[in-house]
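Sequence positions, counted from 1, serve as the residue numbers for this chain.
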Amino acid sequence: MPTDSVGRFLAALDPDHREAVRATSREEQERLAKEWERELEADTDLDTLDELSPSAAEGEAARRVMGTEGD
């Protein structure tokens, strides 16, 4: 399991988005990972989901960061 924020963010993404993010610069990956961490910290609905399933909360936050809610 990755321990750095970029690695955790990449692990939370679906395969297509993971490859798209990997194709970006390291700076962009870090920016997206920071946005993902902010999403996890700020959304109280994700707090509840995190208690039930941390990986589901991380995946939902990743979908939101990538703009794929409801896809």
Do the side chains of Arg18 and Phe9 get nearer than 4.5 Å, heavy atoms only?
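No. Closest side-chain heavy atoms not under 4.5 Å.
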To the nearest 0.5 Å, what is the distance between [atom1] ([X]) and [atom2] ([Y])?
| X | Y | atom1 | atom2 | value |
| --- | --- | --- | --- | --- |
| Asp14 | Met66 | CG | CE | 8.0 Å |
| Ser5 | Glu30 | OG | CD | 7.0 Å |
| Glu37 | Glu41 | CD | CD | 6.5 Å |

Which residues satisfy the side-chain contact (heavy atoms from CB on, under 4.5 Å) test with Ala61, sequence neighbours excluded?
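Testing Ala61 for side-chain contact (heavy atoms from CB on, under 4.5 Å), a comparison that skips the adjacent residues, returns Trp36, Glu39, Leu40, Leu46.
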Do you know which of Arg8, Arg64, Arg63 makes salt bridge (Lys or Arg N to Asp or Glu O under 4.0 Å) with Glu58?
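Looking at Arg8, Arg64, Arg63, the match for Glu58 under the salt bridge (Lys or Arg N to Asp or Glu O under 4.0 Å) is Arg8.
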Are any of the side-chain nitrogens in [X] or [Y] under 4.0 Å away from the carboxylate oxygens of its partner?
| X | Y | value |
| --- | --- | --- |
| Arg26 | Asp4 | yes |
| Glu35 | Arg31 | yes |
| Glu19 | Arg22 | yes |

